[in-house]
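Here's the structure, in structure tokens; my notes come after.
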Amino acid sequence: MAAKLIVQKYGGTSVGDVKRIEAVAERIISYAKKGHKLAVVVSAMGDTTDELIELSQKINPDPSDREMDMLISTGEQISSALLAMAIHKRGLEAISFTGSQVGIITDKYHTKARILKIETDRIKKELDSNKVVIVAGFQGKSIHSEITTLGRGGSDLSAVALAVALGADVCEIYTDVEGIYTADPRIVHDAKKLRYITFDEMLELAARGAQVMQTRAVEVGKKFNMPIYVRSSFSKKEGTIIMDKMPRIEEAVVRGVALAENEAKITVCDVPDKPGLAATIFTDLAKQNVNVDMIVQNVSHKKMTDISFTVPKATLTKSLKIARKISDKIGAGDVVYDENIAKVSVIGVGMRSQSGVAAKCFSSLADNKINIEMISTSEISISCVVKKDLGKDALRVLHKTFELDKIKG
Ligand code: ADP
Ligand code: ASP
Ligand code: MG
């Protein structure tokens, strides 16, 4: 194999303890010895980021976003330095950098910053002097020279963006499963590993709860047509390539199912049935950066309607505050919420040209006595909100209904 420029990313479990870091160092060295140049992005060890967030909550339940970024960016600094040390011990040259040092420039929005550009000079210089470059994932430096982070799961984004900026030959995402499966293999035990998946399908899976890839990372991969190879850091087995088009002519209609348990439902009751009120509600939520997903307006009775919508649980308190204010303003009734919901989705680009998928999805849930509370569809997906304690069962039912256990991976 000709020498390549490879970007690799190792997730939290993959660098979770000393032994895992040593194993990652061995893998990197096996590539470097073949003459490849490597830029390696790492996540924080194990659950470090969650632990740092918990710690902040004990000090101040409403911390400033700037200080949150100062805090949670430290996890990746630890793992990157340790990995560099592990490589040094094995006699190879390596150098670790923070996102800021390496010139990952972002906008100013703390905890969810967007990458504006990556200055590659420093990395290229080190790569040219035959060092393995290790980059702390999940972080950058804002245009105002502040440390920023890229949203949860953001090391995936660091890796894909870096691969694009460097013009890498390969972008490999090493994680704790062997690739992208038809469903989360920890919930659906007969889920099948897919050899290929399109950017569009992966985007939909990620946006609907499959945390294996960060949605924004897949967006960048798609935008710049950078194929992403997802595989296990625990084995040498073949993984999944996320790419533009399927190499095969025909594929199964449904290619995956996903479960999201991190959303909550808010209902604004007794909204006067007048034009423009729904616009008022959702404009105000959007102005405050609340990501509204599904929306259902109930049948109007006595000139009143109930409007329900889902938001990420992390923004529930903020969303309720906004919704209650709007409800007062427009003369609507109570604002109630339900945190015990789950969203199940079926996904596949083949759905564009195939009818009957929705009907099959709804009837299989009904046959299993799973009540659907909300529905939304896109060109290539169908999502249903169900009671939280039925979410995993619903996922397994849909997986079976669409025979995903028999899919040609
Ligand atoms: P990392 O720490 O490597 O970034 P994550 O925990 O973010 O790893 O993502 C990997 C996890 O994603 C897996 O352990 C698996 O439980 C989950 N997952 C959810 N849906 C899927 C899917 N369709 N295919 C593979 N993994 C999935
Ligand atoms: N450590 C960060 C997180 O847990 C980023 C990542 O793992 O990708 O969200
Ligand atoms: Mg991740």
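The model shown is predicted, which means the values in this text are computed figures rather than measured ones. One-based numbering, in listed order, for ligands and for the atoms of each.
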Considering all heavy atoms of both residues, which atom of [X] and which atom of [Y] are nearest to each other, and what is their separation?
{"X": "C171", "Y": "P227", "value": "CB-O, 3.9 Å"}
{"X": "E339", "Y": "K388", "value": "O-CD, 4.4 Å"}
{"X": "C361", "Y": "C384", "value": "SG-SG, 4.1 Å"}

May I ask you to identify the nearest protein heavy atom to [atom], giving residue, atom name and distance to one decimal place in Å?
{"atom": "atom 11 (C) of ligand 1", "result": "Q211 NE2, 3.7 Å"}
{"atom": "atom 2 (O) of ligand 1", "result": "G12 N, 3.0 Å"}
{"atom": "atom 23 (N) of ligand 1", "result": "Y181 O, 3.0 Å"}
{"atom": "atom 21 (C) of ligand 1", "result": "D184 CA, 3.6 Å"}

Contact between ligand 1 and [X] is defined here as a heavy atom of the residue under 4.0 Å from a ligand atom; is it met?
{"X": "G256", "result": "no"}
{"X": "P185", "result": "yes"}
{"X": "D176", "result": "yes"}
{"X": "G209", "result": "no"}
{"X": "K9", "result": "yes"}

Under the salt bridge (Lys or Arg N to Asp or Glu O under 4.0 Å) rule, collect the residues that match up with R396, sequence neighbours excluded.
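For R396 the salt bridge (Lys or Arg N to Asp or Glu O under 4.0 Å) partners, ignoring immediate neighbours, are D393.
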D293: which residues meet the salt bridge (Lys or Arg N to Asp or Glu O under 4.0 Å) condition with it, sequence neighbours left out?
K343
Would you say S14 has any N or O atom under 3.5 Å from an N or O of ligand 1, going by distance alone?
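Between S14 and ligand 1, no N or O pair is found under 3.5 Å apart.
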S43 to ligand 1: N or O pair under 3.5 Å?
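Between S43 and ligand 1, no N or O pair is found under 3.5 Å apart.
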Take atom [atom1] in [X]; do more than 12 heavy atoms of anything else shown fall under 6.0 Å from it?
{"X": "K313", "atom1": "NZ", "value": "yes"}
{"X": "R324", "atom1": "CZ", "value": "yes"}
{"X": "Y229", "atom1": "OH", "value": "yes"}
{"X": "K193", "atom1": "NZ", "value": "yes"}

When the side chains of residues 232-244 are checked against the rest of the protein, which donor-acceptor pairs come out under 3.5 Å, sequence neighbours left out?
unit_1: S232; atom_1: OG; unit_2: F234; atom_2: N; d: 2.8
unit_1: S232; atom_1: OG; unit_2: S235; atom_2: N; d: 3.3
unit_1: S233; atom_1: OG; unit_2: S14; atom_2: OG; d: 2.8
unit_1: S233; atom_1: OG; unit_2: R20; atom_2: NH2; d: 3.4
unit_1: S235; atom_1: OG; unit_2: K237; atom_2: N; d: 3.2
unit_1: K237; atom_1: NZ; unit_2: E178; atom_2: OE2; d: 3.4
unit_1: E238; atom_1: OE1; unit_2: R195; atom_2: NE; d: 3.2
unit_1: E238; atom_1: OE2; unit_2: R195; atom_2: NH2; d: 3.4
unit_1: T240; atom_1: OG1; unit_2: I180; atom_2: N; d: 2.8
unit_1: T240; atom_1: OG1; unit_2: I180; atom_2: O; d: 3.4
unit_1: T240; atom_1: OG1; unit_2: L194; atom_2: O; d: 2.6

Contact between Q139 and T74 at the side-chain level, heavy atoms closer than 4.5 Å - yes or no?
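The answer is no; the side chains never approach within 4.5 Å.
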Does the side chain of T149 come under 3.5 Å of the side chain of D69 through a donor N or O and an acceptor N or O?
yes
Would you kindly say whether E201 and T198 are connected by a side-chain donor-acceptor distance under 3.5 Å?
yes
For [X], take its heavy atoms, then give the atoms of ligand 1 lying under 4.0 Å from any of them.
{"X": "G179", "value": "24 (N), 25 (C)"}
{"X": "A210", "value": "19 (C), 20 (N)"}
{"X": "I180", "value": "24 (N)"}

Quick one: does ligand 1 sit under 4.0 Å from the side chain of T175, the backbone, both or neither, non-hydrogen atoms only?
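Both backbone and side chain.
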Does ligand 2 have any N/O pairs with the protein under 3.5 Å, and how far apart?
unit_1: ligand 2; atom_1: 1 (N); unit_2: T49; atom_2: OG1; d: 2.7
unit_1: ligand 2; atom_1: 1 (N); unit_2: E76; atom_2: OE2; d: 2.7
unit_1: ligand 2; atom_1: 4 (O); unit_2: T49; atom_2: OG1; d: 3.4
unit_1: ligand 2; atom_1: 4 (O); unit_2: R152; atom_2: NH2; d: 2.9
unit_1: ligand 2; atom_1: 7 (O); unit_2: S43; atom_2: OG; d: 3.1
unit_1: ligand 2; atom_1: 8 (O); unit_2: G153; atom_2: O; d: 3.4
unit_1: ligand 2; atom_1: 8 (O); unit_2: G154; atom_2: N; d: 3.4
unit_1: ligand 2; atom_1: 8 (O); unit_2: S155; atom_2: N; d: 3.0
unit_1: ligand 2; atom_1: 8 (O); unit_2: S155; atom_2: OG; d: 3.2
unit_1: ligand 2; atom_1: 9 (O); unit_2: R152; atom_2: NE; d: 2.7
unit_1: ligand 2; atom_1: 9 (O); unit_2: G153; atom_2: N; d: 2.9

Quick one: sort the Y10 and Y174 rings into parallel, tilted or perpendicular, breaks at 30° and 60°.
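Correct class here is parallel.
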Among D156, L205, V212, V230, whose heavy atom sits nearest atom 27 (C) of ligand 1?
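Residue with the shortest heavy-atom distance to the ligand atom: V212.
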